[in-house]
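These notes concern the structure reproduced below.
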Amino acid sequence: MRIAVASTRAGRVELVDPDGDLRLEVDRAALPAEVARLEVEVKPRWVWRDTGEWAPELLAAGVRVARCHDLRLCGAILAASTFVGEASTPATTRPAWLPQGPAEAMVPSASGPVPSAVQRGPALFDLEADPVGDVSAGSAPRAEEVAAEHDRQLALVAASSRPGALRLLLAAESAGALIAAELHAAGLPWDRRVHERVLAEALGPRPTPGRKPVRMEELAEVVRLALEAPLLNLDSQADLLRALRSAGIAVDSTARWELREHDHPAIAPLIAYKRLARLLSANGWGWLDEWIVDGRFRSEYVAGGTATGRWATAGGGALQLPKAVRAAVAADDGWMLVVADAAQLEPRVLAALARDPAMAAAGRGRDMYRAIVDAGVVATRDEAKVALLGAMYGATTGDSGRLVPRLARAYPQAMGLVDRAARDGEAGRAVTTLLGRSSPLPPARWHELQARATQPDATDADERRARSAARDWGRFTRNFVVQGTAAEWALCWLAGVRNRLADLAPRSPSRAAAGSGPVFARIPHLVYFLHDELIVHTPEELAGEVAEAVREAAEDAGRMLFGDAPVEFPLDLVATGSYASID
DNA sequence: ACGATTTGCGCC
DNA sequence: AAAGGGCGCAAATCGT
């Protein structure tokens, strides 16, 4: 059973089962209680325009739903998917109240979510996104319209070339939207004192506003002496670059990887300075004050926020937590963190996706890179890693590029798959993940470049530019199929973990997690997700069962995507008090 | 003065 | 070992 949810012009909420006779209208304040009742009585799939419009207030009121269909996210997938036939009639047009185009970010506003003004294309060099017209989401839909749009999307799936795959993808994507809201509501448990200790050890005591930490001042002075530039401001890269050059260090940028190549007494302290400056500006005391409230870090997760289906975040940088501060992620008293990540996920996904028997054999054990060495393809584990990453990212030069051909001989099917994806991209065609998420098409500017290169009066420079842009886009599509399919595996894993945790829930532990909000205070709950890694915060007596649930969900995900393909997806998994880095 | 762009770097 | 894919964020710099 499904229930369409929509707000009325009078600010009330309609709940409609379009296939039955359920039809309710309630005050917004009464919504959580009504949803909770229906969740118990009929356990429907909730159908709504945007999970972000509804889930937060439900969670704040202590109500969680099991399943939903997010029309915005699913509509974006279907609009782009090559699994969906071209024969779209006027009757299958997306409604005005759903944003057009793939995966625009929706930003909250007073009148409800609206699409952000800019539609960002992939961040590929200087290619600009297509200009986008009026993308106003229009007024809020009525429940009948929500249900009709759901019907339209289901019909597209049914008429597609791979209905089963798309159904799984849409379910996983919608589950992801719920989980994103739940991660925000629960928050990541954070020990401010541990974080402050990390900062003090690295930077010295917290400086007064406007001053730099003493460790940074000391290092800056060493650099100035070594460069004989007594007044140099290290924070100005232009000044810094000039100073480096007049000290005889031939660099084209102040980037660390380039600095590292040079031997000069200023280099080591400069790199140390930059490391501290980064820690201070990204995760220093200011960040603590802004983001840690009541012992929780509440980032906003953006499910489906990137072209490949990986998530993004808005604010707080939750997906870029430096290893140095992860020790501050600490379970509440009486609770534990179950930390799990999928080891070598992307190469395993490639092996399974391509059904490459030789690479799958390497992907059967715990260490795929070691297995590639044992198979005699390359000499060292490092080479195996670099070669495999190079194959997936499209490396052509350097050691990585040099090793790729050996990989191609050993694993022709796997390399064939990514090479084909690259050729499709170079030709301006979309590529598609296992479950049906398709890559965006290159922007108009890209096509102009290609067209110009074929003109009779095209210059060498025109051709060079066009070829370079084509190859850039080919590297994007090459990586897209692997990264996107890995994101699908991870989403299925995450959704599976969520479902299994819900089954563990009824037994309540003795101690409540005080900062986790009304829904999660007494039950194991997800608190973090990072592409191929997740954390569950759990009462300690349930940690063993949670770990088992996480493992089972990973096995399920492998089967759901790849059936009996002989590739394993082993987890690195620990139950611990803190997320302190172990490697 | 202020918004947009660039640079550098954190994560996967 | 090399500088290949996807992101977000902060600060400096550029452009108006």
Side-chain angles (χ1 to χ4, degrees), chain A residues 103 105 117-118 120-126 128 233-241 252-261 270-271 274-284 286-287 290-291 299-302 304-326 341-346 350 378 380-404 418 421-422 425 431 439-440 471-484 486-487 490 528-534 581:
Chain A
V118 280
R120 297 180 34 175
L124 264 179
F125 307 90
D126 57 350
E128 56 200 56
N233 168 18
L234 299 210
D235 299 328
S236 164
Q237 15 149 353
D239 294 354
L240 179 58
L241 190 58
D252 292 317
S253 78
T254 66
R256 188 167 57 213
W257 63 266
E258 194 172 354
L259 293 174
R260 246 191 330 236
E261 302 300 308
L270 176 55
I271 289 174
K274 286 161 78 77
R275 191 177 60 84
L276 294 185
R278 167 77 192 186
L279 176 64
L280 174 67
S281 73
N283 296 97
W287 182 91
E290 182 179 356
W291 288 103
S299 181
E300 189 191 330
Y301 293 86
V302 186
T306 78
T308 60
R310 276 187 176 182
W311 289 14
T313 54
L319 303 188
Q320 297 121 263
L321 285 184
K323 301 214 161 145
V325 306
R326 290 185 179 184
D341 78 280
Q344 306 162 342
L345 177 59
E346 291 192 355
L350 172 57
V378 293
T380 69
R381 193 178 175 284
D382 254 12
E383 283 186 342
K385 184 175 177 179
V386 166
L388 212 38
L389 293 177
M392 292 186 298
Y393 291 159
T396 54
T397 59
D399 273 18
S400 181
R402 185 169 52 76
L403 289 166
V404 167
V418 287
V431 297
S439 64
R471 273 198 295 260
D472 289 346
W473 200 264
R475 278 195 302 278
F476 165 58
T477 52
R478 170 192 295 271
N479 183 252
F480 183 96
V481 290
V482 179
Q483 187 186 120
Y528 194 57
F529 175 53
L530 178 56
H531 307 319
D532 59 0
E533 180 170 356
L534 60 80
S581 175

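Below, chain A is the first sequence line, B the second, and so on; all start at residue 1.
Residue-level contact check: Ala318(A) touches neither bases nor backbone, having no heavy atom under 4.0 Å from any strand. Residue-level contact check: Thr254(A) touches the backbone only, with heavy atoms under 4.0 Å from sugar-phosphate atoms and none from bases. Residue-level contact check: Gly316(A) touches the backbone only, with heavy atoms under 4.0 Å from sugar-phosphate atoms and none from bases. Counting any heavy atom pair closer than 4.0 Å across all strands shown, Asp532(A) reaches sugar-phosphate atoms only and no base atom.
Gly315(A) approaches Ser299(A) most closely through the heavy-atom pair O-OG, 3.1 Å.
The salt bridge (charged side-chain N to carboxylate O under 4.0 Å, His left out) check on Arg260(A) picks up nothing, with sequence neighbours excluded. In this structure Gln344(A) satisfies the side-chain hydrogen bond (donor to acceptor under 3.5 Å, both in side chains) test together with Arg348(A), Asp367(A), sequence neighbours excluded. Contacts of Asp382(A) classified as salt bridge (charged side-chain N to carboxylate O under 4.0 Å, His left out), with partners at least two apart in sequence or in another chain: none. Looking at residues two or more places apart in sequence or on another chain, you find a side-chain hydrogen bond (donor to acceptor under 3.5 Å, both in side chains) between Gln483(A) and Thr308(A), Asn479(A).
Per the geometry, CZ belonging to Arg310(A) stands 14 Å off P belonging to dC11(B), to the nearest Å. Put simply, CD on Gln320(A) is 15 Å from P on dG6(C), counting in whole angstrom units. Leu241(A) places its CG atom 17 Å from the P atom of dT6(B), with the value rounded to the nearest Å. Atoms CZ (Arg475(A)) and P (dG6(C)) sit 9 Å apart, rounded to a whole Å. Atom NZ in Lys385(A) sits roughly 15 Å away from atom C1' in dG4(C) (whole-Å rounding). dC9(B) atom C1' lies 14 Å from atom CG of Leu321(A), rounded to whole Å. For the pair Arg402(A) CZ and dA1(C) P, the computed distance is 11 Å after rounding to whole Å. Atom CG of Leu234(A) is separated from atom C1' of dG8(B) by 14 Å (rounded to the nearest Å).
Checked by atom type and distance alone, the side chain of Arg310(A) never pairs as donor or acceptor with a backbone atom of Ala486(A) at under 3.5 Å.
Closest-nucleotide positions on DNA chain C for Ala395(A) and Asp382(A) were compared, and the one nearer the 5' end corresponds to Asp382(A).
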Would you list the protein and nucleotides 13-16 of chain C atom pairs, both N or O, that sit under 3.5 Å from each other?
residue, atom, partner, partner atom, Å
dT13(C), OP1, Ser236(A), OG, 2.4

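Of the candidates dA3(C), dG8(B), dC12(B), dA3(C) carries the atom nearest the Arg260(A) side chain, counting heavy atoms from C-beta on. Which of dC7(C), dC11(B), dC9(B) sits closest to the side chain of Arg256(A) comes down to dC9(B). Here the side chain of Thr306(A) is nearest to one of dG4(C), dG6(C), dC11(B), namely dG6(C). Checking dA1(C), dG8(C), dA3(C) against every side-chain atom of Val386(A), the shortest atom distance belongs to dA1(C). Listed candidates were dG4(C), dC7(C), dG6(C). Nearest to the side chain of Asn479(A) is dG6(C).
Remark: ring of Tyr393(A) does not overlap the six-membered base ring of dG4(C) in a stacked fashion, as centroids less than 5.5 Å apart with planes less than 30° apart are not both met.
Side chains of Leu530(A) and Asp341(A) form no contact here, defined as non-hydrogen atoms less than 4.5 Å apart. Within the 4.5 Å cutoff, the side chain of Tyr528(A) has heavy atoms near those of the Leu321(A) side chain.
Within the model, atoms OG1 of Thr254(A) and CD of Gln237(A) stand 5.0 Å from one another, a figure rounded to the nearest 0.5 Å.
Salt bridge absent: Glu258(A) and Lys274(A) never bring a charged side-chain N and a carboxylate O closer than 4.0 Å.
Of the residues in residues 274-281 of chain A, those with a non-hydrogen atom less than 4.0 angstrom from any atom of DNA chain C are Arg278(A), Ser281(A).
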